[in-house]
Amino acid sequence: MTAEEPADRDDDSDSATELELDAVYDAIDAVGRPHLTATEFSRKTDLTPDEARAELERLADDGDIERQDVSEVESVWYPTDIAEVTDRERVVLFPDRREVVVEHPDQFTRAQLSQFARLQDTNRSGGYVYELREEDIWAAPHESLEDLLATMRDVLGERSPHLEEWVTSQWERARKFRLKTHEDGYVVLEADSDDLMGNVARPKLDDDHLRAPISDSESWVNEDATAEIKRTLYEAGYPVRDDRDLETGDAIEMDLRLRLRDYQQDWVERFTEQGSGVFVGPPGSGKTVAAMGAMAAISGETLILVPSRELATQWHDELVRHTSLTDDDIGEYHGGEKSIRPVTIATYRTAGMDRHRKLFDQRKWGLIVFDEVHHVPSPIHRRSADLQTKHRLGLTATPTRESDDEEEIFTLIGPPIGTDWGKLFDEGYVAEPEVEIRLVPWGNETEQSEYSSTSGHDRRQVAASNTGKIDEIRYALAENPAAKALVFIEYLDQGEAISEAIDAPFISGETPHARREKLFDEFRRGELNTLVVSRVGDEGIDLPDAELALVASGLGGSRRQGAQRAGRTMRPAGDARMVILATRGTTEEDFVRRQMRHLASKGIRVTETEAEAVEPPAKTE
Ligand SMILES: Nc1ncnc2c1ncn2[C@@H]1O[C@H](COP(=O)(O)OP(=O)(O)OP(=O)(O)O)[C@@H](O)[C@H]1O
């Protein structure tokens with residue numbers, strides 16, 4: 001009897017191992033990839049992330065599964081049997097163009113590549129095109145150049161001396177200047193050589209930036225000018241490392257009540273590892289929630305900067321809903337209310353004003369969150385980038401790469417942290433919107449001849465304001481009678497005309513704040529089905545249930561706006577559609593197509609149709 005007991009236990013533990021291995025296979029099936037992370041495993045089982053990790057480690061010790069470290073903090077796991085059979089992925093390097101094209105990349109490869117390259121596009125055959133840019137090497141999270149080169153060789157599978165030479169020079173370039181705190185408490189800029197200080201830094205920076213030389217390679221720095229110094233040297237091709245001893249400030253107790261999704265967990269881990277960064281993801285992809293995860297991970301007093309008062313209130317509500325923070329922990333600081341608490345949400349505008357910013361400077365922030373971070377570079381917002389903090393986190397839905405301010409954002413705040421959009425759509429976290437370009441004929445001949453006889457901006461305005469679009473809007477709304485719809489416009493006259501024609505309220509910059517909030521509230525609650533919105537509706541205001549976005553005009557300006565407007569319909573709420581109206585045969589038509597090509601490259605379906613409301617006028621010979 002007694003001898004049987006241990007034997008039984010052995011049997012049990014063998015079958016337990018088998019059960020767990022089965023669970024790994026099941027989870028792998030569910031994930032749809034040949035490997036998984038511990039977080040994924042925990043999500044597919046009843047285990048907590050820690051239990052899941054321990055379980056995977058045990059199986060790995062037994063040799064049933066294998067582990068590969070993706071970074072210092074992240075690992076992927078795969079059953080030993082699977083290891084040999086799945087390798088459909090192909091990585092091709094173009095060293096001269098500094099490009100890598102990957103067919104069927106798996107998550108591991110993507111995670112590796114994202115450490116030193118940027119996803120630029122997908123090619124026709126579904127391959128991913130990565131590009132290595134200077135700033136990607138500057139921002140690589142590796143401890144040493146050898147580590148970086150090892151990751152590169154590992155993922156590329158081949159060595160290119162030419163590319164490695166370039167990577168080495170960029171790596172070194174990013175280590176020429178650093179900001180540090182002197183033991184007496186003031187800030188010092190230190191150059192790698194006397195020559196760099198004498199011939200690069202000092203000529204480019206003036207007395208406002210550098211107070212006095214300390215040695216040939218060191219200068220005493222004006223603390224309020226650190227952001228400006230970083231920007232100036234970055235523009236000269238020398239990113240500055242920031243090794244200042246910044247105080248984390250008082251600790252806060254904060255727990256997140258939601259479980260982060262895998263990719264959010266990954267963002268937070270990358271952020272805490274780097275100390276700064278910008279979460280880049282489509283609207284609705286959970287950047288705000290991930291930022292709360294980052295706050296919980298840092299657990300220091302936090303300042304959140306937002307572009308508008310509406311957003312401040314939303315942040316406040318979301319923090320109370322999703323974290324253990326209470327109203328007493330959270331202050332708001334803007335035109336309407338002014339209180340500073342351990343977690344404070346302020347508008348960029350107010351925080352940047354001289355008479356207020358001292359208050360923010362006095363407090364030691366462990367973390368500053370810059371929401372809608374593409375706002376930071378404009379002069380008024382820029383000032384907030386100087387605020388002292390140990391950690392900086394930006395949030396943006398703007399994937400555009402060629403905007404002038406992008407580099408600046410990544411210099412002032414930190415390197416981009418993201419997941420490619422296609423993957424977020426594939427996994428169903430963000431509903432993929434359908435974007436349709438509808439070509440609309442002229443409403444009347446007078447407009448058409450006005451278009452022919454004007455030029456420049458006037459010409460663009462005539463095409464944008466084409467009254468033919470009003471019929472088309474009526475038609476589109478009638479097609480989708482139950483859909484909550486937003487009509488976006490650029491010109492006030494046009495907004496008023498459309499608002500009258502479809503009998504829907506019009507919100508513009510001139511609409512008083514209280515009325516704006518009331519209308520958006522009614523829309524949110526479903527009491528109002530349609531709103532006409534000028535640029536003001538573009539950013540910062542959450543319209544979670546818009547199912548149809550009709551862009552009558554105002555896609556212009558930048559790709560950023562295009563992406564943001566598309567984003568308004570990209571809510572996880574479900575079926576979302578964006579219809580962009582363009583006057584047929586005008587420059588608007590080409591313009592809209594160009595704007596949308598960018599979204600198409602992000603994996604969004606873009607189609608083009610002729611307007612259905614009005615038959616195109618018969619061609620006269
Ligand atoms: N881990 C999660 N678990 C459950 N729900 C989540 C999670 N992450 C995000 N959500 C939900 O998804 C929605 C969008 O999230 P969030 O507001 O964080 O996105 P966002 O990227 O910040 O959007 P925007 O760019 O518009 O500010 C919200 O309703 C949020 O509660």
Side-chain angles (χ1 to χ4, degrees), residues 9 12-80 82-83 106-108 110-112 114-115 141 248 251-275 277 279 286-300 302 319 321-325 366-367 391 393 417 419 423 427 429:
R9 219 176 286 139
D12 279 353
S13 74
D14 271 358
S15 59
T17 299
E18 258 174 48
L19 271 180
E20 291 309 336
L21 193 57
D22 276 347
V24 175
Y25 272 102
D26 288 346
I28 276 184
D29 278 344
V31 174
R33 264 182 278 101
H35 53 243
L36 42 63
T37 62
T39 324
E40 282 169 334
F41 187 48
S42 93
R43 278 181 44 196
K44 305 290 175 202
T45 56
D46 288 335
L47 303 172
T48 65
D50 283 341
E51 288 169 351
R53 199 163 286 122
E55 203 50 62
L56 290 168
E57 273 163 9
R58 193 178 61 75
L59 287 168
D61 287 342
D62 291 345
D64 294 312
I65 64 171
E66 293 190 21
R67 166 199 189 131
Q68 178 126 37
D69 292 335
V70 183
S71 71
E72 267 173 23
V73 289
E74 199 189 0
S75 308
V76 293
W77 312 78
Y78 47 87
T80 311
I82 289 189
D106 66 23
Q107 196 194 19
F108 173 63
R110 290 203 280 217
Q112 296 267 73
S114 69
Q115 296 180 41
T248 308
I252 52 166
E253 283 284 323
M254 168 178 166
D255 292 319
L256 190 64
R257 295 218 185 93
L258 286 174
R259 177 187 268 198
L260 290 180
R261 298 167 184 157
D262 276 359
Y263 66 87
Q264 289 172 319
Q265 187 76 42
D266 172 52
W267 292 355
V268 171
E269 279 168 11
R270 277 156 70 188
F271 170 73
T272 46
E273 202 177 308
Q274 290 169 192
F279 291 164
K287 297 181 294 296
T288 311
V289 169
M292 293 179 200
M295 287 170 69
I298 304 284
S299 289
T302 301
L319 282 168
R321 186 172 319 141
H322 297 312
T323 74
S324 55
L325 296 174
L367 168 68
H391 301 92
L393 172 63
I417 297 174
T419 308
K423 189 165 164 275
E427 295 186 359
Y429 288 122

Margin query: Just checking F271 against W267, ring centres under 6.0 Å apart?
Written below: no
Euclidean distance, [Y] [atom2] relative to [X] [atom1], rounded to 0.5 Å:
X	Y	atom1	atom2	answer
M295	L393	CE	CG	10.0 Å
D255	S299	CG	OG	8.0 Å
L260	R43	CG	CZ	10.5 Å
M292	L325	CE	CG	9.0 Å
T323	L256	OG1	CG	7.5 Å

Determine the minimum heavy-atom distance between [X] and [Y], stating which atoms define it.
X	Y	answer
F41	A52	CD2-CB, 3.8 Å
K44	A27	CB-CB, 3.8 Å
T272	E269	OG1-O, 3.1 Å
R53	A38	NE-CB, 3.7 Å

For residues [X] and [Y], determine if any side-chain heavy atom of one lies less than 4.5 Å from a side-chain heavy atom of the other.
X	Y	result
Q265	V268	no
R259	S42	yes
E57	W77	yes

Notebook entry, point to check: Can we say D61 and R58 salt-bridge, meaning some charged N sits less than 4.0 Å from an Asp/Glu carboxylate O?
Noted result: no
